[in-house]
Each structure stands twice: as structure tokens, then as C-alpha cells.
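Remember, it's a predicted structure, so these values are computed and weren't measured experimentally.
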Amino acid sequence: NMRITKSEKFNAKYGKWELVTGASSGIGKEFALLLAQSKFNLILNARNEEKLNSISKELKETYQIETKLIVGDLTEENTIE
């Protein structure tokens, strides 16, 4: 008897990767925590590299997810490159 969880339905609808901006603190960090709890892999963005690395490590160890980091201000043209 296979039971599909709410997070599995959400993953099927939206994919397994989510982008969270401002992920190193405040509401962005809270969104990252909630998404990680639902087993989403996360692309994390913030300007503070040290904090971003710290939250990434915490999420990977606690929730066994993958993360990719984008360090920088997304309003600046060269950040994504």
C-alpha cells in the first residue's frame, strides 16, 4: 500500500529544485528550511558567502538534500555568470 505524501505531490507538480533568494537570514532562511524539510533540493542565493555556506551545510546534513549556491546580489548583472 503506497501512500503519496503531500511533499511528494508538491515535488511532482513543481520539480525537485527550488530557488531561494536571501537564504542566509530572515524570511529567505525560513523558506529554505521549510523547503528542505519537504525534501526539495535548493539553489540558495545570498550576498554573504559565509552565512550561505553555513546554512547550506546545515540543510544538507539535517535533511539529506543537495544545494547549489549563488553568492551575490541578483540585481547586479554579473552575479549569475
Measure the spacing between [atom1] of [X] and [atom2] of [Y] and express it to the nearest 0.5 Å.
{"X": "Lys39", "Y": "Gln64", "atom1": "NZ", "atom2": "CD", "value": "5.0 Å"}
{"X": "Ile65", "Y": "Trp17", "atom1": "CD1", "atom2": "CH2", "value": "8.0 Å"}
{"X": "Leu52", "Y": "Ser24", "atom1": "CG", "atom2": "OG", "value": "6.5 Å"}

Are any of the side-chain heavy atoms of Glu18 and Phe31 separated by less than 4.5 Å? no
By side-chain contact (heavy atoms from CB on, under 4.5 Å), which residues pair with [X], not counting sequence neighbours?
{"X": "Ala32", "result": "Val20, Leu42, Leu44, Leu59"}
{"X": "Lys57", "result": "Glu61"}
{"X": "Glu30", "result": "Leu33"}

Just grab all the side chain to side chain donor-acceptor pair (under 3.5 Å) pairs involving residues 43-56, residues at least two apart or on different chains.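 Only Ser56-Thr67 qualify under side chain to side chain donor-acceptor pair (under 3.5 Å).
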Between Ala23 and Ala46 the two heavy atoms that sit nearest each other are N-CB, 4.2 Å
Taking everything shown except Tyr63 itself, do over 12 heavy atoms lie less than 6.0 Å from its OH? yes
Does Ile43 belong to the same Ile/Leu/Val/Met/Phe/Trp/Tyr cluster as Leu74, with side-chain heavy atoms less than 4.5 Å apart forming each link?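 Same hydrophobic cluster.
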